[in-house]
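Below: the structure, in structure tokens.
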Amino acid sequence: MNNLIIVESPTKARTLSQFLGKDYRITSTMGHIRDLPERKFGIKTDKDFEPDYVLIPGKKEIIDTLKKEAKKAKKIYLATDPDREGEAIAHHVFVICSNEKLKSKNAKFSRIVFHEITKSAIEKALAAPGEINMDLVNAQQARRILDRIVGYKLSPLLWFKIRRGLSAGRVQSVVVRLIVDREREIEKFVPKEYWEIYADLRKHLGGKLPDAPIFRTKLVQKNGKKIEIKNKQEADELASELNESGYEVGNIEKKEVHRWPVPPFTTSTMQQQAANRLGWPAKRTMRIAQDLYEKGLITYHRTDSVSLAKEAIFAARNFIQKTYGKNFLPEAPRFFKTKSKVAQEAHEAIRPTSLVEISNFQFPISNEEKRLYDLIWKRFVACQMKEAIYDETKLSVLATAKINHFLLEALGRIIKFAGWLAAYGEIKNEKFKMKNEEIQLPDLEQGDDLDLVKLENLQKFTQPPPRYNEASLIKALEEYGIGRPSTYAPIISTIQGRQYVEKLEGKFQPTSLGFATNDFLVEYFPDIVDFAFTAHMEDDLDEIANGKKEWVPVIREFYIPFNTKLTSVSKIAERVSVEAEVIDEKCPECDAPLVIRIGRFGKFISCSKFPECKFKKPYLRDAGFTCQKCGAPMVVKKTKKGKTFFGCSKWPACNFASWRKPKEVAGEARPS
Ligand SMILES: [Zn+2]
Ligand SMILES: [Zn+2]
């Protein structure tokens, strides 16, 4: 028992123990063991921002064991996760278990890094032990300190000016702003009416033959000019002309369209796809990905790299040839380019560690693990397959009336060769299927006469920009450069947990608290809620990780102006009030209107005369359908774990509850 391997999770320890013999003892820190103090600022701003780390409460037993094991061991391998957070844990373990006075004894510590928990990866890592990378540790520490400064210094000001108990966060505030800005755009938006005219046509066969297939065309031009139909009157006039027109097939344009496979998953694209195709929030996706990684089934799941190990590519190519055949295999392997600026941390994309069928796993694996694994697996295999080929047809139809002539168009698309879509088209227990993009058009030739079967005028309105959903928000964070693989999921759950935004029908909307806090910050701390400023700060942290910047100056550059601002704002800013939403219901105790307020645990209903009148009751959102048992309205509720369900509003008199809306009201559509 000479060698000790220290990891941060018991599952990871268990997986590792399968590959390593009796010479290695493996122990787990169960996450971080040292951090800034919980109830104190913990940063010496006058001493180069020296952090005042404390052992995490409740970790004493674990730390004692670690120390004892470390003392006994001849060699100690710090094998925490391959990123800044993992490097920081390794560093803290070293500081706690090493002996400052006996430098020679510290030589027994080394750091090993691997991006997948497999036998070959571990053996490779053990053969090349290194040292703790202090640049990564400093980058993690700098983020922690920056976030602490903002949270700790700004929150009390919000308590004072807005409401007790609020908390501000560095990146979180910008993300709330993104959602508030979008909501205001939507509020401001004035929909404009327009109309579309569709003609259902079929080939003229002269009556005796069976009817030819019907296809739909859209009116696009009048007398050679693009058409815009503003109102019903215009649409009706056009329709009456089209009713009198003769129709014939015009130009037929055919072309082959190639659709290239998408790159393998990064954290961001995995979260987006899991949201779109499985309906999962980012937090759930990351929890399941963590399990898969620790069980040795996928590569490390916090990454912004799309590059792949050569061996993995060859394994995929082998698999494709065997399973799908030579036709599906491109001549050369596909390599994808990573946009990430953080070269040192450039790992690999997220991919399965081997192409074993799910049923052959040596570990028990849960149903949700299977679903995410399947998605990762197929995305990876698909990225090494041939492109899909579509045949696209643009069919023009000429309509000639007495005075005017019109152009109508139909687009046809059929898959000629599925290519990578053969693997990625459908996944296990998919909640939202990928759109079937095939549109069939009948065989026609230029000059063919057509019969009009039906005209349809459709009233439409221009649409405001959509609210963010889980996937589009992650995409926006990545595009603005204000998120990193390790931060997307925590940010999104924090802004909901703190009641700044809520997710309704899968879309994010600010609460009144979110509006008020955001407006306060925009007015007094424009930097904190500035997209470019926050993106720049993330870049600085990357530079620290790359060893190109020192961490102390980065923090000082932020802290000094921030602190000055803090003092002045606390003097000049006036108290803002959070608007309470008045509802159409009177207080049973004093007859004043009731309002919706936001407390620490979400919305509740209270009397508008508060604090004079103390009446309050829980806020229950109408679920949009009635109870199967008693006919009362159903309301949206949450379990202790935060999972949404529907319960009868007459509870406890009626105990009916369900996880899902009945099919006829759900009408679920694939989020765009
Ligand atoms: Zn009242
Ligand atoms: Zn009921």
Side-chain angles (χ1 to χ4, degrees), residues 1-31 62 65-66 69-70 72-83 85-87 89-90 93-94 97 108-133 264 287-303 305 308-316 318-319 345 347-366 369-370 372-373 376-377 380:
M1 207 67 82
N2 286 332
N3 300 304
L4 178 67
I5 295 187
I6 300 176
V7 296
E8 64 276 76
S9 110
T11 313
K12 195 171 157 182
R14 211 174 313 134
T15 308
L16 273 178
S17 68
Q18 303 214 317
F19 307 128
L20 297 167
K22 285 193 216 111
D23 296 340
Y24 292 90
R25 191 174 163 68
I26 304 158
T27 186
S28 153
T29 66
M30 314 285 276
I62 291 165
T65 315
L66 273 179
E69 298 270 0
K72 281 193 295 187
K74 280 232 172 77
K75 274 200 157 156
I76 300 166
Y77 298 96
L78 303 167
T80 44
D81 286 347
D83 59 8
E85 219 60 45
E87 207 71 20
I89 295 175
V93 169
F94 172 75
C97 297
K108 70 179 181 181
F109 285 87
S110 57
R111 166 83 168 124
I112 55 170
V113 179
F114 40 86
H115 300 281
E116 56 181 63
I117 307 172
T118 55
K119 194 166 198 287
S120 62
I122 306 309
E123 281 168 354
K124 229 172 167 181
L126 281 170
E131 283 176 14
I132 291 172
N133 180 334
R287 179 169 53 80
I288 306 301
Q290 181 88 36
D291 289 343
L292 290 171
Y293 164 70
E294 289 183 353
K295 287 180 178 177
L297 299 176
I298 59 169
T299 51
Y300 194 50
H301 56 293
R302 290 191 189 88
T303 176
S305 167
L308 292 166
K310 281 212 178 74
E311 306 83 65
I313 292 180
F314 289 128
N318 251 328
F319 177 86
E345 283 167 291
H347 308 147
E348 249 195 276
I350 304 167
R351 59 160 175 86
T353 52
S354 84
L355 291 173
V356 175
E357 294 281 334
I358 297 178
S359 51
N360 295 338
F361 283 154
Q362 47 189 338
F363 297 101
I365 170 164
S366 74
E369 284 168 353
K370 273 181 200 159
L372 184 62
Y373 182 79
I376 294 168
W377 197 94
F380 166 63

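Of all the heavy atoms in Thr29 and Ile62, the pair that sits closest is O-CG2, 3.8 Å. Contact between Ile298 and Thr353 at its shortest, heavy atoms only, is C-CG2, 3.6 Å. Pairing each heavy atom of His115 with each of His347, the nearest pair is CE1-CD2, 2.9 Å. What you find for Pro352 and Trp377 is that their closest heavy atoms are CG-CD1, 3.7 Å. Nearest approach of Ala315 to Leu355, heavy atoms of both residues: O-CD1, 3.5 Å. Closest approach of Ala125 and Ile112 over heavy atoms only: O-CG2, 3.4 Å.
Not a single donor-acceptor pair under 3.5 Å links the side chain of Glu8 to the backbone N or O of Thr80. One N or O on the side chain of Lys108 and one on the backbone of Ala70 form a donor-acceptor pair closer than 3.5 Å. Listed for the Arg25 side chain is no donor-acceptor partner under 3.5 Å among the backbone atoms of Leu4. Within the 3.5 Å criterion, the main-chain N or O of Ser28 finds no donor-acceptor partner in the side chain of Lys12.
In this structure, NZ in Lys72 is found 11.0 Å from CG in Asn2, a value given to the nearest 0.5 Å. One finds the CZ atom of Phe319 at 11.0 Å from the OG atom of Ser354 (value rounded to the nearest 0.5 Å). A distance of 4.5 Å separates CG in Leu16 from CD1 in Ile122, rounded to the nearest 0.5 Å. Atom CD1 of Ile117 sits about 11.0 Å away from atom CD of Gln18, to the nearest 0.5 Å. The CG atom of Leu20 sits 5.0 Å away from the CD1 atom of Ile5 when rounded to the nearest 0.5 Å. Note that CG of Leu292 and OG1 of Thr299 are 10.5 Å apart. Values are rounded to the nearest 0.5 Å.
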*Apply side chain to side chain contact (heavy atoms under 4.5 Å, CB included) to Val7 and Ile26, showing your working.*
CA-CA 7 Å; Val7 296; Ile26 304 158; 4.3 Å; yes

*When you look at Asn133 and Arg111, which way does the side chain to side chain contact (heavy atoms under 4.5 Å, CB included) test go after all the steps?*
CA-CA 9 Å; Asn133 180 334; Arg111 166 83 168 124; over 6 Å; no

_side chain to side chain contact (heavy atoms under 4.5 Å, CB included) between Phe380 and Ile350, worked out_ = CA-CA 8 Å; Phe380 166 63; Ile350 304 167; over 6 Å; no

*Determine, stepwise, if the pair Leu78 / Ile89 fulfils side chain to side chain contact (heavy atoms under 4.5 Å, CB included).*
CA-CA 9 Å; Leu78 303 167; Ile89 295 175; over 6 Å; no

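Classification of the Tyr293-His301 ring pair by plane angle, with boundaries at 30° and 60°, yields tilted. Ring orientation note: the planes of Tyr24 and Tyr77 are tilted relative to one another, at an angle of 30° to 60°.
In this structure Glu116 satisfies the side-chain hydrogen bond (donor to acceptor under 3.5 Å, both in side chains) test together with Thr118, Arg351, sequence neighbours excluded. For the salt bridge (charged side-chain N to carboxylate O under 4.0 Å, His left out) test, residues two or more places apart in sequence or in another chain that qualify with Glu369 are Lys295.
Using modelled atom types and a 3.5 Å distance limit, the side chains of Glu294 and Ser9 yield a donor-acceptor pair.
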